[in-house]
Protein chains: 2
Amino acid sequence: MPKLGMEPIRKAALVKATIVEIGRVGSLDVTVSQIAKRAGMSSALAHHYFGSKEEMFLAAMRHILTLYGAEVRGALALADGPESRLRSVLAASFSATNFRREAVGAWLNFWVLAQTAPEARRLLKVYQRRLRSNLLAGLRPLAGDRAEALADGLGALIDGLYLREVLKSGPPDRAAAIATALNYLNSQLEGAAHAGAAEGQSFR
Amino acid sequence: MPKLGMEPIRKAALVKATIVEIGRVGSLDVTVSQIAKRAGMSSALAHHYFGSKEEMFLAAMRHILTLYGAEVRGALALADGPESRLRSVLAASFSATNFRREAVGAWLNFWVLAQTAPEARRLLKVYQRRLRSNLLAGLRPLAGDRAEALADGLGALIDGLYLREVLKSGPPDRAAAIATALNYLNSQLEGAAHAGAAEGQSFR
DNA sequence: AAGTTTATTGACTCGTCAATCAACAAAAAC
DNA sequence: GTTTTTGTTGATTGACGAGTCAATAAACTT
């Protein structure tokens with residue numbers, strides 16, 4: 001039966017299966033055998049293609065980030081004007097895709113993994129930088145030099161809202177999350193309009 | 001050597017050791033033997049007092065939440081007036097304690113655990129409800145009927161800021177996190193003032 | 001003093017799992 | 001048409017780990 005050119009197909013199947021299994025179990029405590037079985041092959045073959053379980057996890061994480069990136073790009077392509085761009089980023093961040101069990105499991109566990117696996121941390125940083133840059137593109141025309149601060153706050157708010165929606169029992173309310181984020185934006189932008197230029201908000 | 005009344009002492013030592021080990025390893029992938037060794041006893045004794053590893057995790061989570069609760073209460077005791085109360089909650093949420101390696105490991109992994117362990121989810125809900133109620137106490141005098149929405153947003157923002165500070169490389173910037181949260185508050189309250197709702201003054 | 005409760009551990013059971021290997025099959029290259 | 005490359009797995013290795021248990025010992029009870 002051995003057809004050639006199996007490698008990409010097998011790898012893709014394993015990545016998908018890895019994400020599904022992590023979502024099913026809710027932790028990184030999944031066995032290579034489970035993953036391989038779901039992907040329709042022996043565990044030996046999984047090792048053959050990925051070398052180690054950790055490599056599988058990292059490939060899965062890359063895949064999740066790629067999906068998210070594609071979703072953002074897709075939404076941005078239809079946007080015109082800064083406000084529309086911001087809305088697109090929010091829509092993508094709170095898309096139904098990101099609330100599927102697999103995606104949730106992946107994100108939560110990748111945060112844990114990022115604590116100790118340098119490559120995972122690197123990937124997470126890539127995601128955050130991209131999100132930040134997308135937000136900035138929409139914010140700069142609206143907020144000028146306050147854009148940086150707003151982007152940081154909004155980025156954190158997005159993560160926090162996601163976390164809460166995901167951990168609460170019952171179905172997540174994506175619209176409410178988006179509304180809260182938009183509300184943050186509106187009030188910050190109104191504030192800038194009233195105050196005129198930037199004013200140093202000194203903490204402490 | 002068997003002195004009596006060891007149970008609470010042993011349990012406390014185990015809880016502490018559990019948290020330390022989770023922080024050290026960065027995941028829930030710690031063995032009972034590791035924990036017991038750090039707590040200065042045999043793994044059999046750990047099982048004797050806690051029955052299972054899961055019980056140890058839950059006890060550790062309860063302990064973390066208790067510590068956090070105590071910190072908030074302590075800060076609130078010194079506060080006078082709504083603004084001061086809000087500030088206290090923020091200070092406690094971003095206290096140095098919460099950024100120690102053990103606490104970080106605990107929080108991240110408890111989020112993961114909350115996906116599947118009902119008791120963990122319950123505990124997390126208790127934390128969120130308490131945070132929300134503390135925020136509301138400070139917000140209601142300032143924001144009136146908008147307090148609920150603000151508390152939800154601020155709660156998510158706190159979690160999100162914590163997540164970001166914790167996952168970025170380098171030392172966390174607690175002051176920046178507090179500043180961002182205060183900035184959120186200010187702009188939301190100013191918005192309310194303009195809209196003619198409750199009387200809200202900006203505080204910085 | 002005999003019996004009960006509490007504290008404590010080393011040794012053991014039973015299972016699991018990541019990773020390796022030998023071996024087999026088919027296509028491609030020579 | 002033999003050799004090499006690619007695909008594939010069952011069986012095995014080697015390690016580790018959660019939870020149990022029997023045994024030992026000190027303290028409290030009666």
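In what follows, every chain begins at residue 1, and chains take the letters A, B, ... in the order their sequences are listed.
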Self-check item: Closest listed nucleotide, where the reference is the side chain of B:Met41 and the choices are C:dT8, C:dT9, D:dT8
Solution: C:dT9

Quiz item: For A:Leu4 and D:dT4, what is the distance between atoms CG and C1' respectively, to the nearest whole Å?
Solution: 12 Å

Practice problem: Quick one: sort the A:Tyr184 and B:Tyr184 rings into parallel, tilted or perpendicular, breaks at 30° and 60°. | Solution: parallel

Practice problem: Please answer whether the main-chain N or O of B:Ala179 pairs with a side-chain N or O of B:Asn183 as donor and acceptor at a distance below 3.5 Å. | Solution: no

Produce the list of close N/O pairs, under 3.5 Å, pairing protein atoms with atoms of nucleotides 17-20 of chain D; give distances to one decimal.
residue: D:dA18; atom: OP1; partner: B:Lys53; partner atom: NZ; Å: 3.0
residue: D:dA18; atom: OP2; partner: B:Val32; partner atom: N; Å: 3.1
residue: D:dG19; atom: OP2; partner: B:His47; partner atom: NE2; Å: 3.2
residue: D:dG19; atom: OP2; partner: B:Lys53; partner atom: N; Å: 3.1

Practice problem: Might you point out which heavy atoms bring B:Leu135 and B:Ala151 nearest each other, and give the distance in Å? | Solution: CD1-O, 3.8 Å

Self-check item: Gap between atoms CG and P, on B:Asp29 and C:dA18 respectively (whole Å)
Solution: 10 Å

Quiz item: Can you tell me how far C1' of D:dA26 sits from CE of B:Met6, to the nearest Å?
Solution: 12 Å

Quiz item: Hey, does the side chain of B:Gln115 reach the backbone of A:Gly26 with a donor-acceptor pair shorter than 3.5 angstrom?
Solution: yes

Quiz item: In terms of side-chain heavy atoms, does A:Tyr68 have a donor or acceptor partner in A:Thr97 at a distance below 3.5 Å?
Solution: no

Practice problem: Whole angstrom is fine here: how far is it from CG in A:Leu28 over to P in C:dC17? | Solution: 15 Å

Quiz item: Can you tell me if B:Asn98 uses its side chain to pair, donor with acceptor, with the backbone of B:Val104 under 3.5 Å?
Solution: no

Quiz item: Near B:Glu148 CD, under 6.0 Å, is it more than 12 heavy atoms from other residues, nucleotides or ligands?
Solution: yes

Quiz prompt | Touch class at under 4.0 angstrom, heavy-atom based, for B:Tyr49 against every strand present | solution = sugar-phosphate

Self-check item: Between C1' of C:dT8 and CD of B:Glu7, the distance in whole Å
Solution: 14 Å

Quiz item: Which residues within residues 10-26 of chain B lie with some heavy atom under 4.0 Å of an atom in DNA chain D?
Solution: none

Quiz item: So, for B:Tyr162 and B:Phe99, is the gap between ring centers shorter than 6.0 Å?
Solution: yes

